[in-house]
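Inspection log for the structure reproduced underneath, given as structure tokens.
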2 protein chains.
Amino acid sequence: MTATGGTSQSDGGTERISDAEYAVMEALWKRSPQTAAEVCDTVCEERGWTMPTVKTLLARLVAKGALETQPDGRRFLYTPLIERRAYVGTESKRLVERLFGGRAAPLFAHLAENEALTDEDIAEIERLLRELKK
Amino acid sequence: MTATGGTSQSDGGTERISDAEYAVMEALWKRSPQTAAEVCDTVCEERGWTMPTVKTLLARLVAKGALETQPDGRRFLYTPLIERRAYVGTESKRLVERLFGGRAAPLFAHLAENEALTDEDIAEIERLLRELKK
DNA sequence: GCGTAATGACTACATCTGTAGTCTGAACCT
DNA sequence: AGGTTCAGACTACAGATGTAGTCATTACGC
């Protein structure tokens, strides 16, 4: 289960989560279970969507195995079946594989060159490097 | 001009370069100008494509403004109009924006946690950090 | 000069994605 | 019990993407 493409990832599926679907997942990673209406309250204004869109995306995510449903009266409560950290890790690695031949340092170099690193980032990365060397 | 999505990037277009298109761009970043046949020699076996596929992708990239053509007899020589480093930088930043709220350190943390960093990567990152602090 | 082959132009079709509309039935409310 | 509303199920459609086929023209080779 990965986003936006066609590479095999997990759970026997070849689907990825698209950008729009990801927005829905984010809402549910932040707080779940939620109903479709609640998800819409969270994302519709910000994304300019209406309920039909959210319902479609939810249904697709269920079909992809990314969400599970619990009946709650006449509606469903939606819950993620994949962890955000897993998804984020997969997407990160995919980018590194695709654009940097699997090596993280060139990615880092690009971010550094484009001033995408704050002082805080740098401090934190240094800390992580120290831990890595243990 | 960015890949796989719908966000505005440069040259007045809203198109992104898809995965398949990216493979074609990679061939031309490595060596250009090239004819369609030459590109196919480079990518067709590895990707399991045939000439019509390559020709379509080339035409789409031209339409997207990512490639330019020089007539050479009855065929074109294709040349990238965007630099690999620009594209790679854009995609890197996009991932960071999308999944990490614009902060690079969490991305780094994810890669580190998933053992995506080699000793060489670490050494190189440390070197880059030293330069950044100058 | 003639025949051939290469290649761009154009088309095809399936799938995915983005966004939304319609309908029906059952839960909900009075 | 009856009326209403909500939400899932289903549909729609456009654009993007992946992969490939067909055709016509002209460059190329002999």
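In what follows, chains carry the letters A, B, and so on, assigned in the order in which the sequence lines appear, proteins first and then strands, with residues in each chain numbered from 1.
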message: How many whole angstroms separate atom CE of Met51(B) from atom P of dC10(C)?
response: 17 Å

- line: From CG of Leu57(B) across to C1' of dA16(D) the rounded distance in Å is 12 Å

- request: Name the nucleic acid region contacted by Thr56(A), choosing base, sugar-phosphate or nothing; use a 4.0 angstrom heavy-atom cut-off, strictly under.
  value: base

query: Counting distance only, does the side-chain N/O of Glu38(B) pair as donor-acceptor with the main-chain N or O of Thr35(B) below 3.5 Å?
result: yes

task: Describe the nucleic acid contact of Ala37(B) in one word from base, sugar-phosphate, nothing, applying a heavy-atom distance below 4.0 Å.
output: sugar-phosphate

- prompt: How close or far is atom P of dG8(D) from atom CD of Gln34(A), stated in whole angstroms?
  reply: 13 Å

query: Backbone N or O of Ser18(A) within a donor-acceptor pair of the Glu21(A) side chain at under 3.5 Å?
result: yes

- prompt: Can you find a side chain N or O atom of Thr50(A) that sits less than 4.0 Å from OP1 or OP2 on dT19(C)?
  reply: no

field: Pair Glu83(B), Tyr87(B): side-chain N/O donor-acceptor within cut-off below 3.5 Å
entry: no

task: Select from Ala20(A) and Tyr78(B) the residue whose nearest nucleotide in DNA chain C is closer to the 5' end of that strand.
output: Tyr78(B)

Look for any protein N or O under 3.5 Å of an N or O in nucleotides 26-30 of chain C and output each such pair with its distance, or none.
| from | atom 1 | to | atom 2 | distance (Å) |
| --- | --- | --- | --- | --- |
| dA27(C) | N3 | Arg74(A) | NH1 | 3.1 |

query: Atom CZ of Phe76(B) to atom P of dC10(C): distance rounded to whole Å?
result: 11 Å

task: Measure from the side-chain N and O atoms of Trp49(B) to the backbone N and O of Ala20(B), and report whether any donor-acceptor pair falls under 3.5 Å.
output: no

message: From CG of Leu58(A) over to P of dA20(C), roughly how many Å is that when rounded to an integer?
response: 14 Å

field: Rounded distance in Å - CZ (Arg60(B)) to P (dA16(D))
entry: 10 Å

field: dT17(C) OP1/OP2 closer than 4.0 Å to side-chain N/O of Tyr22(A)
entry: no

query: Once you round it to whole Å, what is the distance between C1' of dG18(D) and CG of Asp19(B)?
result: 10 Å

task: Name the nucleic acid region contacted by Thr53(A), choosing base, sugar-phosphate or nothing; use a 4.0 angstrom heavy-atom cut-off, strictly under.
output: base

query: Do Asp19(A) and Arg47(A) sit within salt-bridge range, that is, some charged N less than 4.0 Å from a carboxylate O?
result: no

- prompt: Can you check the Lys55(B) NZ to dT11(C) P distance for me, whole Å?
  reply: 14 Å

task: Report yes or no: does Gln34(B) contribute a side-chain atom to a donor-acceptor pair with the main-chain N or O of Val39(B) at less than 3.5 Å?
output: yes

message: Between Trp29(B) and Arg85(B) (side chain of the first, backbone of the second, donor and acceptor by atom type, cut-off under 3.5 Å), is there such a pair?
response: no

